[in-house]
> 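For reference, the structure I am asking about is given below.
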Amino acid sequence: MSVLRKDFLWGGATAANQCEGAWNVDGKGVSVSDICTGGKFGKSKTITPILQEGTFYPSHEAIQHYYRFKEDIKLFAEMGFKVYRFSIAWTRIFANGDESEPNEAGLKHYDEVIDECLKYGIEPLITISHYEVPFGLTKKCNSWVSRDMIDYFLNYCRAIFTRYKGKVKYWLTFNEINSSSTPMGALLNQGILNDLENPTEFMKQPDYPQQRYQGLHHMFVASALAVKMAHEIDPEYKVGNMMIYSASYPLTCKPEDVLKNQQYNRILNYFCSDVQCRGEYPTYMNRFFDENGIAIEKAEGDDEILRNGTVDFYTFSYYMSSCQTADESVKSGEGNIIGGVPNPYLKASDWGWQIDPEGLRYSLNEIYDRYRLPIMVVENGLGAKDEIEDDGSINDDYRIDYLRKHIEQMKEAVKDGVDLMGYTPWGCIDLVSASTGEYAKRYGFIYVRRYDDGTGDFARLKKKSFYWYKDVISSNGEKL
Ligand code: BG6
């Protein structure tokens with residue numbers, strides 16, 4: 001008997017800006033990702049508010065999923081996917097973000113994507129906003145800094161909730177909403193950019209926490225109203241939040257380190273989901289706001305909106321863990337947006353992300369204890385370099401090993417009592433990296449023949465992990 005529930009949602013995840021390409025086709029407008037150049041490990045991407053000729057912009061072509069989605073979804077179906085998590089590019093539906101009528105060509109494209117999934121019995125799981133805020137809104141009102149964004153976002157939600165009614169069941173409002181608890185989320189997640197003329201290195205933008213946290217407040221209100229709207233349009237709709245969750249441990253058992261870790265967990269791992277799952281701001285934030293000179297401006301009725309718009313299920317990305325210490329002389333490590341100090345007991349990936357499968361079990365238990373909501377792991381995986389052998393095979397045993405160990409720990413968590421709905425590993429097909437903007441960091445079961453020097457024909461090749469994952473799915477996680 002399988003440990004996982006019979007209707008467990010096995011699948012994979014992508015985001016429009018990292019896979020579609022066709023960045024200015026069929027009425028699509030410019031998103032904040034479209035103005036970011038490529039980079040690589042150790043070399044930051046650059047934000048160029050004015051596009052530069054002859055510069056490499058990874059989202060402009062990505063992996064051409066816009067044109068090849070039928071071929072890609074067919075491959076997902078061959079692996080046995082039950083769910084496909086993808087995002088709708090907001091700028092395909094509203095090019096600048098502030099139009100009153102949606103773009104029919106954009107809506108039609110996702111009709112086709114959704115129908116293609118349904119043809120194979122694959123449930124679409126749609127992220128409404130995944131690092132794709134219309135740049136038009138950044139220029140107009142500095143995006144989520146402005147309360148006007150709530151209406152623009154709800155207009156977009158209304159257009160897609162009504163159009164895809166009866167075909168889609170699962171929605172996520174904002175990808176990794178808590179990335180805005182760090183400076184890195186300001187542009188990617190929130191569309192905030194204070195200099196609209198000069199290029200800036202991605203990690204060197206001047207940071208204004210007041211803007212980020214006020215922006216988050218507007219996003220919380222927008223998300224809560226979107227949950228309410230979704231339920232009104234179709235009572236069958238289930239709307240989830242989406243967090244970047246990085247398991248975190250005190251570096252030592254010194255009480256100072258334990259307290260530092262608790263504070264990290266509250267601000268990074270729990271603040272946003274406390275609001276979205278419990279429907280109110282946690283009291284611990286008051287001190288944080290006071291000590292950091294942040295004053296959240298709320299409109300009358302916001303508290304009630306938050307209370308009435310809690311999510312139906314909890315989702316998160318999980319790649320790594322880190323440690324916290326009060327000792328400032330200890331150097332931070334690399335990480336998926338959220339840094340921290342390396343754990344001496346763990347090994348890191350080639351990109352410096354510390355691999356910690358047990359941390360996934362720990363995280364699932366912590367989250368479930370806190371919220372008692374059904375949970376889905378909507379991103380997980382190993383970014384690695386893959387080589388094509390002379391015989392054409394791609395033997396990504398390291399990826400299989402990573403995924404196997406994480407699935408084992410998911411099963412342990414289910415035995416511990418967690419209500420786990422599904423699992424969609426990240427970048428089920430190779431795509432462009434969000435943090436570094438490169439092709440070389442691959443996550444997929446499917447290799448895409450495209451390289452950072454602009455060569456490659458976008459052909460799709462099955463890796464060893466493709467066949468492995470197919471068996472995992474058909475045995476409902478028993479054959480690992
Ligand atoms: C998550 C994002 O942070 O991690 C994805 O939701 C991203 O968009 C993924 O691609 C992996 O990160 P990276 O930087 O390796 O692409």
Side-chain angles (χ1 to χ4, degrees), residues 12-20 31-34 36-45 58-59 62-63 65 85-90 125-133 172-190 202-203 240-247 268-269 272 315-322 333-340 348-355 360 363 376-386 399 402-403 406 424-444 448 450 452:
T14 65
N17 75 88
Q18 291 168 259
C19 72
E20 285 183 351
S31 79
V32 289
S33 284
D34 295 330
C36 293
T37 70
K40 61 180 178 190
F41 188 38
K43 184 179 177 300
S44 171
K45 312 196 292 189
S59 71
I63 59 152
H65 186 61
R85 174 183 173 227
F86 60 93
S87 69
I88 290 182
W90 184 344
L125 163 62
I126 299 184
T127 319
I128 300 171
S129 181
H130 189 137
Y131 298 165
E132 288 143 348
V133 176
L172 306 177
T173 49
F174 296 104
N175 180 63
E176 298 189 336
I177 187 165
N178 57 324
S179 59
S180 293
S181 302
T182 74
M184 188 159 167
L187 178 81
L188 265 196
N189 181 39
Q190 299 188 298
F202 200 72
M203 296 307 288
N241 68 333
M242 196 311 196
M243 298 282 289
I244 176 172
Y245 191 101
S246 171
L268 271 303
N269 280 331
C272 293
T315 81
F316 69 114
S317 64
Y318 179 88
Y319 293 91
M320 56 169 287
S321 68
S322 61
E334 294 296 330
N336 179 18
I337 303 183
I338 292 168
S349 75
D350 290 347
W351 272 262
W353 295 15
Q354 293 188 95
I355 301 172
L360 177 55
S363 305
M376 193 157 165
V377 179
V378 294
E379 286 187 31
N380 173 237
L382 180 70
K385 286 189 186 125
D386 294 326
R399 181 168 296 108
Y402 177 102
L403 295 169
H406 283 78
T424 56
W426 175 248
C428 45
I429 179 165
D430 289 349
L431 35 65
V432 176
S433 154
S435 58
T436 62
E438 61 193 330
Y439 286 101
K441 189 179 189 188
R442 295 171 182 275
Y443 285 89
V448 177
R450 178 68 174 176
D452 289 307

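Atoms within a ligand are numbered from 1 in the order they appear, just like the ligands themselves.
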> Using 0.5 Å steps for rounding, measure from the OG1 atom of T436 to the CZ atom of F202.
10.5 Å
> May I ask you to identify, for W426, whether its side chain, its backbone, both or neither come under 4.0 Å of ligand 1 on a heavy-atom basis?
side chain
> For the atom pair NZ (K45) and SG (C36), what is the distance rounded to the nearest 0.5 Å?
4.5 Å
> I'd like to check which ligand 1 atoms, numbered from 1 as shown, lie under 4.0 Å from a non-hydrogen atom of Y319.
4 (O), 9 (C), 11 (C)
> Hey, does I244 have a side-chain heavy atom less than 4.5 Å from the side chain of F316?
no
> Purely on distance, is any nitrogen or oxygen of S433 under 3.5 Å from one on ligand 1?
yes
> List ligand 1 atoms under 4.0 Å from Q18, heavy atoms only on the residue side.
5 (C), 7 (C), 8 (O), 10 (O)
> Nearest 0.5 Å, please: how far is NE2 in H130 from CZ in F174?
13.0 Å
> Using the test side-chain contact (heavy atoms from CB on, under 4.5 Å), find all partners of S180 that sit at least two apart in sequence or belong to another chain.
N189, Q190, L216
> Looking at residues at least two apart in the chain, or sitting in another chain, which of them share a salt bridge (Lys or Arg N to Asp or Glu O under 4.0 Å) with R442?
D430
> Can you find an N or O of A434 that's nearer than 3.5 Å to an N or O of ligand 1?
yes
> For the 3.5 Å polar cut-off, considering only N or O atoms, please tell me whether Y443 and ligand 1 meet it.
yes
> Polar contacts were defined as any N/O atom of the residue lying under 3.5 Å from an N/O atom of the ligand; does this apply to N175 and ligand 1?
yes
> Counting only heavy atoms, which portion of W353 has something under 4.0 Å from ligand 1: side chain, backbone, both, or neither?
side chain
